[in-house]
Number of protein chains: 2
Amino acid sequence: MITIYDIAKKANVSAMTVSRVINNTGRISEKTRVRVRQVMEELHYVPNSAARSLVLQETRILSLLITDITNPFYTTLARGAEDAAMKRGYRLLFSNSDEDVGKEKEYLEMVLSTRVDGVLFSPAGDNSLPQLEKLHKHGIPFVLIDREVPGVECDTVLGDSRLGARLLVEHLFQLGHRRVALLNGSMKVSTARERFTGYAEALKLHDLPWDDRLVFEAGYGRASLGTIEEAVERMLALPERPTAVFAANNFLALDAVKAFRRRGLDVPHDLSVVCFDDLDPNSVLDPFLTVAAQPAYEFGSMGIRLLIDRIHGVEAGSPRKKIVLPPKLTVRQSSAPPRS
Amino acid sequence: MITIYDIAKKANVSAMTVSRVINNTGRISEKTRVRVRQVMEELHYVPNSAARSLVLQETRILSLLITDITNPFYTTLARGAEDAAMKRGYRLLFSNSDEDVGKEKEYLEMVLSTRVDGVLFSPAGDNSLPQLEKLHKHGIPFVLIDREVPGVECDTVLGDSRLGARLLVEHLFQLGHRRVALLNGSMKVSTARERFTGYAEALKLHDLPWDDRLVFEAGYGRASLGTIEEAVERMLALPERPTAVFAANNFLALDAVKAFRRRGLDVPHDLSVVCFDDLDPNSVLDPFLTVAAQPAYEFGSMGIRLLIDRIHGVEAGSPRKKIVLPPKLTVRQSSAPPRS
DNA sequence: TTGTACGCGTTATCAC
DNA sequence: GTGATAACGCGTACAA
């Protein structure tokens, strides 16, 4: 491997001078600067970032932990994060927990051994608490994104899940629906709880009765497909069938629609389906779902911004910041008035 | 930061003993092993991988460079690669070139400074040659994936683009089409050339005349959206309009269909559209496109396998391997007999 | 079974 | 302007 010493020898200077040329620090005569540069080119020198971070005590790497790499919400968020990080001279180390606290724990070990400068963290759920405490113990700055964890005080970028839920459910009410089911993620995830609350608020606001049998707790992850099938089964077996479903995220909605169709039911003719989070408009031919779309890209870029501010100590002792980005109701064909 | 010295002091042993406990090397009495382990727990010790890789001269990190992170073909490939890498104790550093040789070059600099143990490389095109030569100069093993680069001899995992193209075009012929347009990627990319050849072969096999005006060179990247619009415009202005389009990848097809629809044309009623590569079946409600699907996941896992074999020198001097994975024709609604 | 000395590639500090 | 030296955290070779 080519090191600064190889460069130094060939250029008849000390290693220190080479280092100064590389980093543009200190005063160097133009003559030597040019010569050193030239030797570096010749030998195809590339600095060793391991050695550098060992002495500098910083890696300029940030970790991004998301819960579902197949979900366009998170891939878009990731792009926002990457763009923002690159712009500030940081690289991003991606990890994907698949909504699984176990995997999350494994990845965290890697992240710690890499000595990343900070972590942008979308927790799998409330059980992620130990992981966050570990980060805290190690003095690694982190920012929560998309989801909160009770007991953790830190900078956070969130959507307004309650508002979005209300918007969606009220949209259904306006269409004339009165029996709306909630197909929710796990109640161990803050967004699921908030969407639950928004749903309940909407019912109350419109003086509609509460019915436990209309609430189904599945899970956000791909793993919970079986649960959705079962929920749909129970939903349809109800004495008074719901005429619409509010799904807590895009994949839940997709799977619900598929489950309905497999049973010969048409959306929106037989049931309406609405949900949180959009799909990637670029790779969908016929956008179909009525959604509360979230600014996923901004989730990522804002998160990185908060994180880097913390790292640079700009915000050293400042109180935690909580940024809430509003959702946008987008009405499409999956919602329609109920069959009379 | 907690180091092995901190552990050593607290456990009343030397740093070396701690190192041995961590790596399970050498003989250590059970008593000290337990004590050291305990102190490590107490102090939440995590090894510093920068320091380790500095002395070991290996990082156990592999780089995966893909050209379009929004394309499900590549995200699926990435999952395959990650699973295979994790299984063998390697981590993956993702980079996304957006089909841009410039970005590719930037990322390569990072990759080199990270001293990754190997690179799984999906080149933006033939112009990626200098990057590959650079890797070679630095003695970093690499495997090409999905695309070849003329002048580069190395292990490769490819699809059978010629066969896939022929299957798709012959499918159109069987439906009765005689004028089939080719909406291709850049001819600076090997797969585009192969798909071109397959298209030409199919014509020849069926004694159909060659027509230059039916061939359009756009680009695989998201950036070439304008080009597609223009190609469609020219295509429809032709004296004898084609009745079907073979698009060289999924996104080209998607954009073509959208462009047709904007002009009031229906697919497949007015024109059929077929393409290479599928979309993610999980996030699509109504699979519509007739495609030549490729085993994207296996592209990734096979690639990592070849790469790690090379790294471990198992295949040190062995001749380069070229693995070709066949496509699978999947007929859906986007193709139908031409209007008579 | 355990410890000492050294080196991995880089930069900060201080001296010239 | 430039250089010598030590230090970052860890593992190898050799010694005890």
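Here is the naming used below: chain letters follow the sequence lines, and residue numbers restart at 1 for every chain. Atom set for the values below is all heavy atoms of this structure, side chains included, hydrogens, waters and symmetry mates excluded.
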message: Can you tell me how the ring of A:Tyr90 sits relative to the ring of A:His312, calling it parallel under 30°, perpendicular over 60° and tilted otherwise?
response: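 The arrangement is tilted - the two ring planes meet at 30° to 60°.
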Which whole-number value in Å describes the distance from [X] [atom1] to [N] [atom2]?
X	N	atom1	atom2	result
B:Arg27	C:dG3	CZ	P	16 Å
A:Asn12	D:dT2	CG	C1'	13 Å
A:Asn23	C:dG9	CG	C1'	13 Å
B:Tyr5	D:dC8	OH	P	10 Å
B:Ile4	C:dC8	CD1	P	18 Å
A:Asn48	C:dT11	CG	C1'	13 Å
A:Ile7	C:dG9	CD1	P	12 Å
B:Lys31	C:dT1	NZ	P	12 Å

Earlier contact from the 5' end, DNA chain C, for A:Met16 and B:Gly26: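 So the residue in question is B:Gly26.
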field: B:Arg115 vs B:Thr32, nearer the 5' end of DNA chain C by closest nucleotide
entry: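 So the residue in question is B:Thr32.
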query: Are the side chain of A:Ser190 and the backbone of A:Glu148 linked by a donor-acceptor contact shorter than 3.5 Å?
result: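 Yes.
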- request: Taking A:Ser49 for its side chain and B:Ser113 for its backbone only, find out whether a donor-acceptor pair lies under 3.5 Å.
  value: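 Between the backbone of B:Ser113 and the side chain of A:Ser49 there is a qualifying donor-acceptor contact (under 3.5 Å).
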message: Show the nearest heavy-atom pair for residues A:Lys321 and A:Leu306, with the distance to one decimal.
response: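 Here A:Lys321 and A:Leu306 meet closest at CD-CD2, 4.1 Å.
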message: If you compare all heavy atoms of A:Thr67 against all heavy atoms of A:Ser97, which two are closest, and at what distance to 0.1 Å?
response: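 So the two residues come closest at CA-OG, 3.4 Å.
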field: Pair A:Asp155 + A:Lys322, salt bridge at N-O below 4.0 Å
entry: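 Answer for the salt bridge query: no.
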query: If you measure from the Lys or Arg side-chain nitrogens to the Asp or Glu carboxylate oxygens, is any gap between A:Lys134 and A:Glu109 under 4.0 Å?
result: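 Result for this pair is yes, salt bridge flagged.
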message: Once hydrogens and angles are ignored, does a donor-acceptor distance under 3.5 Å link the base of D:dG1 to the side chain of A:Arg33?
response: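 Side chain to base: no pair present.
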message: Does B:Thr25 reach a base, just sugar-phosphate, or nothing at all? Heavy atoms under 4.0 Å.
response: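 It contacts nothing in the nucleic acid.
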task: Could you please name the option among D:dG3, D:dG1, C:dT10 that lies closest to any side-chain atom of A:Thr3?
output: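 That would be C:dT10.
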task: Assign each of A:Thr17 and B:Ser19 to its nearest nucleotide of DNA chain D by heavy atoms, then name whichever residue's nucleotide is nearer the 5' end.
output: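 Nearest nucleotide further toward 5': that of A:Thr17.
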- prompt: Heavy atom of residues 50-62 of chain B under 4.0 Å from DNA chain D: which residues?
  reply: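 Under 4.0 Å from DNA chain D: B:Ala51, B:Arg52, B:Val55, B:Leu56.
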